[in-house]
Amino acid sequence: AYNDLEKNEKYSNIFKDGNKVRSVERNKENGFDAIELYNEKKKQVTIVISGVDGLKDLPAGLGSGSPAAIKSFESQFKSAEKLYQRIKDNLQPGESINAVGHSLGGALVQLLSAKHGIYATSLDAPGAKKAADKILGQDQYKTDKITAYTALDNMVNGHGTHMTEQTLLVKEGFADH
């Protein structure tokens with residue numbers, strides 16, 4: 001569970017730089033999961049949004065690039081927006097917000113960046129251009145603060161049209177694939 005992250009040795013690299021878990025967001029209705037990290041030295045809040053974690057949010061993962069399932073994605077984006085707005089409303093002078101996400105979470109942070117101009121990093125996100133066009137208005141957003149990475153092509157990162165250029169992390173397949 002996210003509440004025990006700081007005690008788990010597996011995640012120690014996250015906390016050795018001074019990050020602390022400030023809140024954990026879980027929406028049991030739509031499957032949205034996120035962590036709010038705060039780094040006092042950097043005066044930075046990082047929104048970390050998870051990818052698909054079970055059948056409940058699988059439609060949302062597909063919805064970023066598929067009009068048939070977009071309502072599920074929109075529901076999770078509303079949860080991400082609510083978290084972003086709460087954090088923004090409580091920012092102190094000199095503090096900033098950025099976001100990072102994997103898979104479905106990557107698509108969600110890309111939309112947060114496009115709408116609010118925050119820096120976002122995604123890994124293996126499905127293409128979210130159709131969702132962005134529907135939610136934010138067709139091509140009515142900027143993607144210059146999004147850094148998007150993709151590993152080997154797979155059924156997630158190959159789904160849908162991407163909002164921005166993807167940086168490929170692995171140029172050749174693994175021998176056992």
Side-chain angles (χ1 to χ4, degrees), residues 2 5 14 19-39 42-53 56-67 69-92 94-150 156-157 159-167:
Y2 291 134
L5 279 175
I14 296 171
N19 292 310
K20 301 281 185 207
V21 175
R22 223 161 47 176
S23 73
V24 176
E25 303 292 321
R26 295 200 115 138
N27 183 318
K28 292 182 181 182
E29 291 178 23
N30 67 16
F32 178 79
D33 284 319
I35 305 167
E36 174 190 1
L37 293 177
Y38 183 69
N39 188 302
K42 295 179 181 178
K43 294 185 178 264
Q44 185 175 64
V45 178
T46 301
I47 299 170
V48 182
I49 303 178
S50 76
V52 172
D53 187 26
K56 183 167 289 229
D57 57 352
L58 182 59
L62 297 173
S64 64
S66 171
I70 199 151
K71 284 188 180 194
S72 295
F73 183 83
E74 284 181 295
S75 176
Q76 286 216 8
F77 184 66
K78 286 178 185 175
S79 293
E81 275 280 276
K82 185 177 173 184
L83 173 60
Y84 170 82
Q85 201 57 55
R86 180 184 55 75
I87 292 168
K88 183 175 182 256
D89 290 347
N90 290 295
L91 276 184
Q92 299 300 311
E95 293 181 335
S96 64
I97 303 172
N98 67 17
V100 62
H102 170 256
S103 189
L104 166 60
L108 292 166
V109 301
Q110 287 183 25
L111 263 70
L112 282 177
S113 174
K115 182 171 182 180
H116 299 289
I118 63 172
Y119 285 96
T121 302
S122 68
L123 176 63
D124 274 342
K129 183 161 177 27
K130 285 183 182 177
D133 285 348
K134 183 176 187 309
I135 295 168
L136 306 177
Q138 187 160 356
D139 297 323
Q140 297 298 307
Y141 48 85
K142 292 184 178 181
T143 59
D144 59 317
K145 293 187 178 178
I146 299 170
T147 302
Y149 296 103
T150 190
V156 175
N157 64 32
H159 180 71
T161 304
H162 289 278
M163 295 172 63
T164 188
E165 186 176 326
Q166 306 291 295
T167 299

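This is a predicted model, so every value here is computed, not measured.
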S.K.: Please round to the nearest 0.5 Å and tell me the distance separating atom NZ of K88 and atom CD1 of I47.
M.R.: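 These two atoms lie 12.0 Å from each other.
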
S.K.: State whether the side chain of S113 and the backbone N or O of I118 hold a donor-acceptor pair below 3.5 Å, judged by distance alone.
M.R.: yes

S.K.: Quick one: CG on L112 to OH on Y84, what's the gap to the nearest 0.5 Å?
M.R.: 8.0 Å

S.K.: How close do N90 and R86 get, counting heavy atoms only, and between which atoms?
M.R.: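 For N90 versus R86, the nearest heavy atoms are ND2-O, 2.8 Å.
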
S.K.: Restricting to non-hydrogen atoms, name the atom on K115 and the atom on E81 that form the minimum distance, rounded to 0.1 Å.
M.R.: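 Heavy-atom minimum between the residues: NZ-OE1, 2.7 Å.
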
S.K.: Please give me the minimum heavy-atom distance between A107 and P126, naming the atom from each residue.
M.R.: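 Smallest heavy-atom distance, with atoms named: CB-O, 4.0 Å.
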
S.K.: For the backbone of S75 and the side chain of N30, can you confirm whether one donor and one acceptor N or O come within less than 3.5 Å of each other?
M.R.: yes

S.K.: Is there a side-chain contact between E74 and I70, using heavy atoms and a 4.5 Å cut-off?
M.R.: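 Result yes, sub-4.5 Å side-chain heavy-atom pair found.
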
S.K.: Kindly determine whether T150 and L123 satisfy side-chain contact (heavy atoms from CB on, under 4.5 Å), including the steps that lead there.
M.R.: CA-CA 6 Å; T150 190; L123 176 63; over 6 Å; no

S.K.: From I87 CD1 over to S96 OG, what is the distance, rounded to the nearest 0.5 angstrom?
M.R.: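 Going from CD1 on I87 over to OG on S96, the span is 11.5 Å.
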
S.K.: Please round to the nearest 0.5 Å and tell me the distance separating atom CD of Q92 and atom NZ of K43.
M.R.: 8.5 Å

S.K.: Provide the closest heavy-atom pair for I49 versus A34 in the form atom of the first, atom of the second, distance.
M.R.: CG1-CB, 4.1 Å

S.K.: If the threshold is 4.0 Å, N to carboxylate O, is there a salt bridge linking K82 and E25?
M.R.: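 Looking at E25 together with K82, the answer is no, because their closest N to O distance does not fall below 4.0 Å.
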
S.K.: Just by modelled atom types, is the V45 backbone N or O under 3.5 Å from a matching donor or acceptor in the E36 side chain?
M.R.: no

S.K.: Under the side-chain contact (heavy atoms from CB on, under 4.5 Å) test, which residues partner T143, sequence neighbours left out?
M.R.: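 Partners of T143 under the side-chain contact (heavy atoms from CB on, under 4.5 Å) test: Y141, I146, M163, T164.
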
S.K.: Looking only at heavy atoms, what is the nearest atom pair of A125 and G106, with distance?
M.R.: CB-C, 3.7 Å

S.K.: Look at atom OH of Y38 and say whether more than 12 heavy atoms of other residues, nucleotides or ligands are closer to it than 6.0 Å.
M.R.: yes

S.K.: What I'd like to find out is whether the side chain of T147 reaches to under 4.5 Å of the side chain of Y119, using heavy atoms alone.
M.R.: no

S.K.: Once you round to the nearest 0.5 Å, how far does OG1 of T121 lie from NE2 of H102?
M.R.: 13.5 Å

S.K.: For residues T46 and N98, is any side-chain donor paired with an opposing acceptor at under 3.5 Å?
M.R.: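 T46 vs N98: donor-acceptor pair found between side chains.
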
S.K.: For the CD atom of E95 and the CG atom of N39, what is their distance to the nearest 0.5 Å?
M.R.: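 Taking CD in E95 and CG in N39, the distance rounds to 10.5 Å.
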
S.K.: Using only atom types and a distance under 3.5 Å, with no angle test, would you say the side chain of D133 pairs donor to acceptor with the backbone of D139?
M.R.: yes

